[in-house]
Amino acid sequence: MCRLCTQALPEEAFAEKLLETVNAAALNQMLSLGHRSGLFDCLAGMKPATSAAIAARAGLNERYVREWLGAMVVSGILLYDPDDECYQLPDSHAAFLTRAASPNNLAVMAQFMPMLGSVENRVLECFRNGGGLRYDEYPGFHRVMAEDSGQSVVSCLFSHILPLVDGLEGRLQRGIEVLDLGCGSGRALLAMAQRYPASRFVGLDFSAEAVGNARREATRLRLENIDFEVRDVARLDDRERFGLITAFDAIHDQAEPARVLSAAARALHPEGIFLMVDIAASSRLEDNIGHPLAPTLYAISCMHCMSVSLGQGGPGLGTVWGRELAQQMLREAGFRHTKVHRLEHDIQNYYYVNRKA
């Protein structure tokens, strides 16, 4: 007999909850537009101004800006003076909506839902017929992921993430080989290559678009200690080569995640570290009730992470594969010692520090 761990809301309360959800979804779309258009950055620190003044400063069409401003006012994002028809972004709100606010800029995350919504019809077909989508079916995916990585990983890479491993920075300064699995546009690896010129860095990703972006940036920065390759990370065949291997939010959507983890264990130097950053969640659904990002994580999984794994013939672990399954798979791959860390500023990720011995 089923034992339900949640309770139904009364009809009126449930209707109110759904209405709030519809409004929140609409606001999310507007937050994404505000971020991508630069309107939030334009408004930050600006004195109360008319829609015409704001549009002129941002270099945008006034009529569209005025309608967007209306959405921001009724949602409580902007302040409004009806007598002078002026708008203002409070500093306390700008602290979570501008590029200068990174890594606290939540408008970056707002971009995911419009992107995922663009493939809704194709995901609906997967509901009916099974299978999944390809990475290249998601417009702007690498742009959004690179920006998200820039503020969630790169911004605290040297201050919080690498210090999780005692002595790692010293080893990087002296010179080791570093591999990033599923490197995407390479933001984290590029930052490390700049900071540690004595070390050698390799980034692997099967997306030619992402690797192309990473290579262009490496050329622009004139880095000679980094290489990016278009390659299936499950086919990695190096043995005990790398002193540090990283995987930033890259394992759960692989076609062969177990094989990737085993390949990482083989490629890692006996005294090396495998640093895996992945979603902070449980493998048990009931333990995710109340998680501050739970609806978003399951939605992203359904619309992207699970789907792209299934689309490659993979197991479809999904975004919320969870700590319990992750630790089990790491043990089975050959990592004897795993420590799981949380960072105070990051509600989204677990940081797994893995050793073979």
Side-chain angles (χ1 to χ4, degrees), residues 28 32 108-127 129-153 180-185 187-188 204-207 209-210 232-234 246-261 264 276-285 287-288 291-330 346-352:
N28 185 89
S32 178
V108 169
M109 291 189 66
Q111 298 175 99
F112 280 99
M113 293 308 161
M115 176 187 69
L116 298 177
S118 69
V119 298
E120 180 178 343
N121 288 340
R122 278 167 278 183
V123 173
L124 180 59
E125 289 302 310
C126 294
F127 269 78
N129 304 315
L133 278 68
R134 304 183 311 274
Y135 277 97
D136 60 11
E137 294 185 79
Y138 294 84
F141 173 76
H142 293 295
R143 173 187 58 79
V144 175
M145 285 301 299
E147 189 169 10
D148 181 57
S149 173
Q151 76 163 21
S152 64
V153 175
D180 188 21
L181 301 173
C183 64
S185 296
R187 290 283 185 91
L204 304 181
D205 200 288
F206 72 0
S207 168
E209 177 187 351
D232 181 354
V233 295
T246 58
F248 297 105
D249 195 22
I251 298 299
H252 63 258
D253 54 2
Q254 295 290 322
E256 299 176 271
R259 184 168 182 171
V260 172
L261 292 175
M276 184 179 84
V277 181
D278 219 295
I279 299 301
S282 172
S283 305
R284 296 184 290 266
L285 172 59
D287 291 342
N288 292 324
H291 188 299
L293 284 172
T296 298
L297 296 177
Y298 279 100
I300 290 175
S301 184
C302 186
M303 298 294 291
H304 179 267
C305 298
M306 180 190 73
S307 183
V308 294
S309 175
L310 293 172
Q312 302 170 76
L317 289 180
T319 311
V320 201
W321 63 317
R323 175 174 175 168
E324 297 84 357
L325 179 56
Q327 289 181 284
Q328 175 189 327
M329 293 180 67
L330 286 163
D346 189 349
I347 64 171
Q348 180 175 316
N349 294 305
Y350 282 137
Y351 295 79
Y352 297 83

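- When only modelled atom types and interatomic distance are considered, Thr246 and Asp180 share a side-chain donor-acceptor pair under 3.5 Å.
- The minimum heavy-atom distance between Pro114 and Asn28, with the atom names listed, is CD-ND2, 3.7 Å.
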(request) Just do the side chain to side chain contact (heavy atoms under 4.5 Å, CB included) check on Ile279 and Val320 with the steps written out, would you? (result) CA-CA 7 Å; Ile279 299 301; Val320 201; 5.6 Å; no
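- Inter-residue side-chain proximity for Phe141 and His304 is flagged as met; some heavy-atom pair is nearer than 4.5 Å.
- The distance from atom NE2 of His291 to atom OG1 of Thr296, rounded to the nearest 0.5 Å, is 10.0 Å.
- Taking each heavy atom of Gly132 and Cys126 in turn, the nearest pair found is CA-SG, 3.7 Å.
- With values rounded to the nearest 0.5 angstrom, Leu204 atom CG is found 9.5 Å from Asp232 atom CG.
- The two atoms that bring Pro257 and Leu317 nearest to each other are CG-CD1, 3.6 Å, heavy atoms only.
- Without hydrogens or angle criteria, Asp205 side chain to Gly184 main chain gives a donor-acceptor distance under 3.5 Å.
- Side-chain atoms of Gln327 do not come within 3.5 Å of backbone N or O of Glu324 as any donor-acceptor pair.
- Atom CE of residue Met145 and atom CZ of residue Phe248 lie 12.0 Å apart, to the nearest 0.5 angstrom.
- Residues Val119 and Glu137 approach most closely at CG1-O, 3.3 Å, considering heavy atoms.
- Listed here is the closest heavy atom pair of Leu181 and Ala264: CD1-CB, 4.0 Å.
- Remark: the backbone N or O of Arg187 is not paired with any side-chain donor or acceptor of Ser185 at under 3.5 angstrom.
- Counting only distance, with no hydrogens or angles, the side chain of Ser307 and the backbone of Met303 share no donor-acceptor pair below 3.5 Å.
- For the residue pair Ser309/Gln254, the side-chain donor-acceptor check at 3.5 Å is not satisfied.
- Listed for the Ser282 side chain is no donor-acceptor partner under 3.5 Å among the backbone atoms of Gly322.
- With a 4.5 Å cut-off on side-chain heavy atoms, Arg259 and Val233 do not count as touching.
- Side chains of Gln312 and Arg134: no donor on one and acceptor on the other come within 3.5 Å.
- Proximity of Tyr138 to Val144: side-chain heavy atoms (C-beta onward) are nowhere separated by under 4.5 Å.
- Separating the CE atom in Met306 from the CG atom in Leu133 is a distance of 10.5 Å, to the nearest 0.5 Å.
- Here the options are Trp321, Tyr352, Tyr350, the test is side-chain hydrogen bond (donor to acceptor under 3.5 Å, both in side chains), and the partner is Asp278; only Trp321 passes.
- For the pair Cys302 and Val123, the tightest heavy-atom approach, listed with the atom from each and the gap, is O-CG1, 4.1 Å.
- Taking CE of Met109 as the reference point, atom CD of Gln151 lies at 9.0 Å (rounded to 0.5 Å).
- For Arg323, there are no salt bridge (charged side-chain N to carboxylate O under 4.0 Å, His left out) partners two or more places apart in sequence or in a different chain.
- Once rounded to the nearest 0.5 Å, the distance linking CG of Leu330 with CE of Met276 reads 4.5 Å.
- For the residue pair Tyr351 / Asp346, a side-chain donor-acceptor distance below 3.5 Å is found, with atom types taken as modelled.
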(request) Dump the intermediate steps for side chain to side chain contact (heavy atoms under 4.5 Å, CB included) on Met113 and Ile300, then the final yes or no. (result) CA-CA 8 Å; Met113 293 308 161; Ile300 290 175; 4.0 Å; yes
